[in-house]
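Data block below; observations after.
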Amino acid sequence: MNASVAALETAKGTAPQPIIETRGLVMRFGGVEVLRGIDFSIVPGELRCLVGPNGAGKSTFFKCLTGQYEPSGGEIRFKNESIGGRPSVDIARRGIGIKTQVPSLYDGLTAREHIWLAVKRRIATTGGLRREVAPAVEQVLESMDIAHLADRIVGQLAHGQRQMVELSMVTAAQPDLILLDEPAAGMTHDEVERLAALVLRLRGTCSLIVVEHDMQFIRMIARMVTVLHQGQVLMEDDVETVLRDRRVRDVYLGKREV
Amino acid sequence: MSPRGRTVASVIGFVVSVAAIFVLPHWLELFTLINATIYVSMAIMTLSLALIWGYGGILCFGQAAFFGLGGYTYAVCAINFGDSTWAVVLAMVVPALFAALLGYFVFWGRIGDVYLGVITLTMTLIFFKLFNATAGDAYKIGSAALGGFNGIPSTPPLNLPWDVGTALAPEDIWYIAAGLLVLFYFGSRWLLSTSFGRVVISIRENERRTELLGYDIRRYKLGIFTIGGAMAGMAGILFANCVFVSPTMFSLFYNAQVIIWVTVGGIGTLLGPIFGSIALQMIVAELGTIDGLDPNLILGAILILFVLLVPKGVLPSLRVLWERFRKPPAVVEASPPTGRPAAGAQKATPSQQPAADAGGRS
Ligand SMILES: Nc1ncnc2c1ncn2[C@@H]1O[C@H](COP(=O)(O)OP(=O)(O)O)[C@@H](O)[C@H]1O
Ligand SMILES: [Mg+2]
């Protein structure tokens with residue numbers, strides 16, 4: 001729906017209204033400025049990759065967007081409303097979902113219960129009926145290809161499977177904006193490919209910001225890439241231009257094989 | 001256990017416990033029956049802590065506050081009204097309201113777990129001091145003298161609802177107490193299976209995650225905390241009917257006892273703490289008759305022993321044993337089925353039920 005609105009606005013010749021936008025976003029811990037004035041925006045339906053060396057501030061940026069940190073300065077606007085510093089619950093209900101860098105699951109619960117929690121919340125927020133929940137849960141389990149894990153205790157699953165459960169839970173909530181913080185970390189090659197396919201499938205149904213280091217993966221999914229370095233946006237361009245850029249190679253890619 | 005196995009076990013457990021409730025009064029002497037009623041009222045209080053700590057992840061060091069408030073509210077109201085009907089209702093409502101008020105400040109103020117423990121503990125100490133200081137005629141609520149250190153020895157027994165003439169005998173109180181324990185146990189299980197209960201469990205497992213899914217975790221914590229307060233209040237009523245209310249209900253000893261019972265029985269289970277509390281009360285009472293053995297010392301020793309040897313508590317450990325016993329070949333045939341990811345399939349026995357996970361934080 002958002003994508004079509006964006007398309008409409010483009011057709012009228014006006015620039016589409018960003019779904020999320022930060023202006024001069026600053027995050028300080030004590031005297032340390034971790035985010036130093038970030039201007040960032042994406043349009044509805046867009047998939048943006050966010051890259052940058054460790055410590056660049058990517059995870060901190062996500063935590064500000066989801067209300068886990070209260071920004072020290074600047075503005076965050078989501079669907080044209082200011083959300084900076086609002087509680088996480090409120091932001092989640094407005095439609096931002098996140099898969100955090102450190103896996104965040106319920107180790108004592110089954111995979112099905114994970115999905116149930118997400119679906120239940122979505123249906124409650126959208127005013128749906130209680131009996132819609134159970135079939136919707138099964139549908140998510142099927143479509144995310146984790147039905148065979150449904151009754152397993154998540155604490156006993158392998159790392160890649162846990163990543164998939166977490167991802168399924170985040171997408172099951174059907175947020176308008178999904179933040180993925182290093183979703184491919186620790187996954188096998190096959191799993192990464194499945195993940196890429198999934199992300200591509202999500203594109204168009206919602207907006208996504210994906211933090212990743214794996215260039216192969218980024219090439220598979222993204223067109224536009226934003227490079228973060230020492231809490232600032234270093235550059236923002238299409239994948240190939242970014243990968244060719246010397247500054248980017250210096251700060252980040254030079255240390256890795258591309 | 002499979003869902004079907006669970007249902008069968010529940011039905012058997014229900015039948016056995018109902019049978020026991022009706023048989024015991026014929027077997028036991030009156031004195032022992034009254035003691036058994038005390039054990040059962042304590043088991044209800046333990047269940048309330050098992051619920052809010054083991055499932056809500058809220059470590060409350062002050063469950064005795066709700067217990068004592070329930071007892072005092074009951075005694076004061078029953079004396080004033082001359083009828084126990086509304087006294088019972090109020091004796092659950094007052095502790096529940098108090099829990100709600102306290103919970104509101106704690107959860108909305110986002111006070112950490114450790115502080116919550118300290119606050120709840122301090123609160124019982126305040127009540128203890130407060131009620132101890134109520135000796136003399138100045139401290140009367142209506143016609144009920146609070147009695148300071150001595151409490152209210154004239155705590156009236158329950159009567160049939162709106163029927164003042166029928167004061168209940170100790171045997172009747174036994175039926176009510178034991179019946180309520182069964183009711184609260186199945187009620188708690190039902191509660192935990194509802195949407196509300198499942199969200200509460202998720203908060204215990206990972207608070208931040210539940211918040212990021214868009215749940216207002218404060219409401220859920222407040223809800224379970226309030227329910228626990230009401231349940232402890234009910235325990236206080238029953239206790240008051242067996243003994244009488246006095247400031248010791250707010251004492252450190254009662255606070256510590258329930259925590260020990262829950263720990264020994266198994267955090268994250270309901271039956272463990274129930275049976276743990278009854279068994280430990282019996283053991284301590286038995287050993288307490290031996291000259292020179294201090295019951296407090298025994299209880300302390302039992303706690304240390306369990307924390308060191310059976311840290312998960314009795315019931316979860318028994319479950320693990322049972323799973324191992326039941327499926328010994330599972331490890332052998334664990335060669336991963338084709339087409340499934342190999343990793344993780346090795347362990348074919350999910351030894352923990354979700355509910356059995358010892359997940360009380362801190
Ligand atoms: N809560 C915090 N307190 C102090 N410093 C922090 C905190 N969180 C992150 N940092 C610092 O901010 C910088 C950026 O961290 P982070 O956002 O995790 O980077 P990235 O995700 O890009 O690797 C790091 O130097 C880190 O040490
Ligand atoms: Mg990071």
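Lettering follows sequence order; numbering is per chain, from 1. Excluded from the calculations below are hydrogen atoms, water molecules and symmetry mates; all remaining heavy atoms, backbone and side chain alike, are included.
Interface residue A/Leu105: only backbone heavy atoms are found under 4.5 Å from chain B. Proximity to chain B is limited to the side chain of A/Val170, based on heavy atoms less than 4.5 angstrom apart.
Annotation for B/Arg189: atom CZ counts as buried by contact number, over 12 foreign heavy atoms lying within 6.0 Å. Within a 6.0 Å sphere centred on CZ of B/Phe275, heavy atoms belonging to other residues, nucleotides or ligands number 12 at most. Heavy atoms from other residues, nucleotides or ligands lying under 6.0 Å from CZ of B/Phe105 number 12 at most.
Of all residues spanning residues 122-132 of chain A, none has a heavy atom less than 4.5 Å away from chain B's heavy atoms.
Considering only heavy-atom pairs separated by less than 4.5 Å from chain B, the leading option among A/Val154, A/Asp90, A/Thr66, A/Ile98 is A/Ile98.
The closest side-chain heavy-atom distance from B/Glu211 to A/Gln68 is not below 4.5 Å. Residues A/Arg93 and B/Asp216 have side chains in contact (heavy-atom distance under 4.5 Å, counting atoms from C-beta outward). When side chains are defined from C-beta on, A/Arg121 does not count as touching B/Val199, because their heavy atoms never get closer than 4.5 Å.
When all heavy atoms of A/Ala92 and B/Leu212 are compared, the pair lying nearest together is CB-O, 3.3 Å.
Relative to the six-membered ring of A/Tyr106, B/Arg209 misses at least one condition, a distance below 6.0 Å or an angle of at most 45° to the axis.
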